[in-house]
Amino acid sequence: MSGATRRSALGLLLGAPLLSACAGVQQSLSQFSNPFSSSSPPPAQPAGPPQQATTAGTGGVKVAVILPLSAAGNAGLAAQSMRNAAEMALAEFQNPNIQLLIKDDNGSPQGAQAGAQQAVDEGAEIILGPLFAQSVPAVAQVARARGISVIAFSTDSSIAGRGVYLLSFLPESDVNRIIEYSASIGKRSVAVLVPDNAYGNVVEAAVKAAVPRRGGRVVAFEKYGADRATPARSVAQQLGSADALFIADDGDSVVAVADAMTAAGANLRNIQLLGTGLWDSPRVYASPNLQGGLYAAPDPAGFRAFSGRYRTKYGAEPIRTATLAYDAVALVAALARTQGTTRFSPDVLTNPSGFAGIDGLFRFRADGTNERGLAVMKVTTGGGVAVAGSPKSFGA
């Protein structure tokens, strides 16, 4: 990054988007970018021995970073990628006045609570992490006792609130953006298929609120489990009264549902297909039945640029959600520089103008959830192509 680029990227003003990152391999099917799959650590393999706590940076403002660094399998790999991204943000931010207190929670609530307690005893003013939903309440208990905020990376909205903010990819933002866009192109009669799981429950609530808010109606709704054929047949029989079909699931499952719809006699070329950011998958792009489908997701340009810098620094590919750790550190560095003693207060963190990160605009709501400014992407055999860009600012 040139000095000029760095200055423009990190010229941080509240009331205007913050943290614009300097302008890959997608791992959207990994459990860490599939909402709700990071609610609990992967089972089976035992965790390794806890890693020693370390620090990064020498600034006066202490910031805890709690990640499952010694957890088994993909969880530990994800945590290492997020740690790298956090340290990369520190290196790319000019003269940040923060020091990261990096704690390994071993993938458990007990480890997360111990790491949080250690960090606040060492003077941490805010906590970034943990990753797993089950560990967030344990960290929140420590933070609330000290009156400090938590920015966690879980995708489970039920654990947000009272000083616990989620910096993650929440399905509600995807649903609101794609329903808003589809209504703007005249698609207001929506058939819906969602999985019968925690993710599907959140999407169901979001879509049933978003469609009427945009002047539309849900004309068919089904949930599916292992049996996709029966719900697919039911929705296929009602497609005549719909002009859009919303399927919310990860790449493999979306392809299977689309195939089941086709087998049930539905002609998916005659209806506008809609989806969430989990559609960002090679399986989706390769599916003949899903061509032309629209989904909401962060503009991929930000992650591509980030991935290039990460590869140069670490010689490896980042996981898709490594950007969350980068943005969290860049945010606290910016607030430490610009906001004085109120830097991590709820009023500052919930600034309605939001902040601009690698994946575009985001802002924290008072209830601890977040809202993202997302692009609308179209499925093509060559990958996702933007048909509507990310917003440059949030509406009221």
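Position 1 is the first residue of the sequence; numbering continues from there. Because only heavy atoms are used, hydrogens play no part in the values below, and waters and symmetry mates are left out as well, while side chains stay in.
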Exercise for review: Decide side chain to side chain contact (heavy atoms under 4.5 Å, CB included) for Asp121 and Arg146; before the verdict, give the C-alpha distance in whole Å, the side-chain angles of both, and the deciding distance to 0.1 Å.
Suggested key: CA-CA 10 Å; Asp121 288 346; Arg146 296 293 182 100; 2.5 Å; yes
Point to revise | Evaluation steps, side chain to side chain contact (heavy atoms under 4.5 Å, CB included), between Leu268 and Leu245 | key: CA-CA 9 Å; Leu268 299 185; Leu245 171 62; 3.8 Å; yes
Practice item. Begin from the C-alpha positions of Glu317 and Arg311 and carry the test side chain to side chain contact (heavy atoms under 4.5 Å, CB included) through to its verdict. Key: CA-CA 6 Å; Glu317 296 291 342; Arg311 273 194 304 274; 3.1 Å; yes
Exercise for review: Kindly indicate, with the supporting measurements, whether the criterion side-chain hydrogen bond (donor to acceptor under 3.5 Å, both in side chains) is fulfilled by Ser154 and Asp156.
Suggested key: CA-CA 6 Å; Ser154 167; Asp156 185 347; 5.5 Å; no
Review point. For Glu172 and Thr369, what are the C-alpha separation, side-chain angles and deciding distance, and is it a side-chain hydrogen bond (donor to acceptor under 3.5 Å, both in side chains)?
Key: CA-CA 9 Å; Glu172 296 93 327; Thr369 61; over 6 Å; no
Check your understanding: Can you list the steps and then say if Val63 with Val329 is a side chain to side chain contact (heavy atoms under 4.5 Å, CB included)?
Key -> CA-CA 9 Å; Val63 175; Val329 171; over 6 Å; no
**Study point:** Step-by-step salt bridge (charged side-chain N to carboxylate O under 4.0 Å, His left out) determination, Lys62 to Glu122
**Key:** CA-CA 8 Å; Lys62 292 183 177 179; Glu122 292 167 10; over 6 Å; no
Practice item. Take Arg309 and Glu92, measure what salt bridge (charged side-chain N to carboxylate O under 4.0 Å, His left out) needs, and give me the verdict at the end. Key: CA-CA 10 Å; Arg309 305 200 311 279; Glu92 292 184 353; 2.9 Å; yes
Exercise for review: Evaluate side-chain hydrogen bond (donor to acceptor under 3.5 Å, both in side chains) for Ser81 paired with Tyr314, printing each intermediate quantity in order.
Suggested key: CA-CA 9 Å; Ser81 188; Tyr314 298 110; over 6 Å; no
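Minimum interatomic distance between Asp104 and Ser70 (heavy atoms only, all atoms of both residues): OD2-OG, 2.6 Å. Closest non-hydrogen pair, Leu294 versus Tyr181, comes out as CD1-CE2, 3.7 Å. Across every non-hydrogen atom of Val142 and Val120, the tightest pair is CG1-CG2, 3.7 Å. Pairing each heavy atom of Tyr285 with each of Gln291, the nearest pair is O-NE2, 2.8 Å. Pairing each heavy atom of Ala191 with each of Val219, the nearest pair is N-CG2, 4.0 Å. Annotation for Ile148 and Ala124: closest pair CD1-O, 3.7 Å, computed over non-hydrogen atoms.
Without hydrogens or angle criteria, Arg144 side chain to Arg162 main chain gives a donor-acceptor distance under 3.5 Å. A donor-acceptor pair is defined here as one N or O able to donate and one able to accept, closer than 3.5 Å; no such pair exists between the side chain of Asp367 and the backbone of Ala160. With Asn106 contributing its side chain and Ser108 its backbone, the two residues share no donor-acceptor pair below 3.5 Å. Here the side chain of Asn176 pairs no donor or acceptor atom with the backbone of Ala210 at under 3.5 angstrom. Side-chain atoms of Tyr165 never come within 3.5 Å of backbone atoms of Leu349 as a donor-acceptor pair (strictly under, hydrogens ignored). Thr342 places a side-chain N or O within donor-acceptor distance of the main-chain N or O of Gln339, the cut-off being under 3.5 Å. Proximity of a side-chain donor or acceptor of Trp279 to a complementary backbone N or O of Gly384 within less than 3.5 Å is not detected. Not one N or O on the side chain of Ser253 forms a donor-acceptor pair closer than 3.5 Å with the backbone of Asp250. Put simply, the side chain of Glu87 never gets that close to the backbone of Arg83: no donor and acceptor are under 3.5 Å apart. In this structure a side-chain-to-backbone donor-acceptor pair under 3.5 Å is missing from Ser390 to Gly360.
One distance of note links OG1 of Thr323 with CE of Met88; it measures 10.0 Å at 0.5 Å rounding. Taking OG1 of Thr380 as the reference point, atom CG of Leu290 lies at 12.0 Å (rounded to 0.5 Å). Taking CD1 from Ile358 and CG from Asp299, the interatomic distance works out to 12.5 Å, rounded to the nearest 0.5 Å. From Ile151, atom CD1 reaches atom CG of Leu324 across 11.0 Å, with rounding to the nearest 0.5 Å. One distance of note links CZ of Phe153 with CE of Met82; it measures 4.5 Å at 0.5 Å rounding.
The side-chain hydrogen bond (donor to acceptor under 3.5 Å, both in side chains) test with Tyr224 singles out one residue from Asp196, Asp249, Asn197, Thr230, and that residue is Asp249.
Criterion: ILVMFWY side-chain heavy atoms under 4.5 Å apart, direct or through other members. Under it, Leu77 and Tyr310 are not part of a common hydrophobic cluster. Taken together through direct or relayed side-chain contacts under 4.5 Å among Ile, Leu, Val, Met, Phe, Trp and Tyr, Val203 and Phe221 form part of one hydrophobic cluster.
Inspection of the Ser345 and Asp347 side chains reveals no N or O donor paired with an N or O acceptor under 3.5 Å. Asn289 and Ser287 are not linked by any side-chain donor-acceptor pair at a separation below 3.5 angstrom, with hydrogens and angles left out of the test.
Considering only heavy atoms from C-beta on, Ser173 comes within 4.5 Å of Leu374 through its side chain. Arg372 places a side-chain heavy atom less than 4.5 Å from the side chain of Asp359. Contact check for Asp243 versus Gln272: no side-chain heavy atoms found under the 4.5 Å cut-off. Lys223 is listed as a side-chain neighbour of Asn201, based on a closest heavy-atom distance under 4.5 Å. Two residues are said to be in side-chain contact when any heavy atoms from C-beta on lie closer than 4.5 Å; Val136 and Val139 fail this criterion. At a threshold of 4.5 Å between non-hydrogen side-chain atoms, the residues Gln99 and Leu101 count as touching. Gln113 has its side chain out of reach of Gln117: every pair of non-hydrogen atoms, C-beta onward, lies at least 4.5 Å apart. Residues Val376 and Ile178 form a side-chain contact, since some pair of their non-hydrogen atoms from C-beta on lies under 4.5 Å apart.
Other residues, nucleotides and ligands contribute only 12 or fewer heavy atoms inside 6.0 Å of the NZ atom of Lys378. Counting heavy atoms of neighbouring residues, nucleotides and ligands inside a 6.0 Å radius, atom CZ of Arg269 does not exceed 12 of them. Counting non-hydrogen atoms of neighbouring residues, nucleotides and ligands closer than 6.0 angstrom, the CD atom of Gln141 reaches no more than 12 such neighbours.
A perpendicular orientation is assigned to the rings of Tyr326 and Phe306, their planes being inclined by more than 60° (bins at 30° and 60°).
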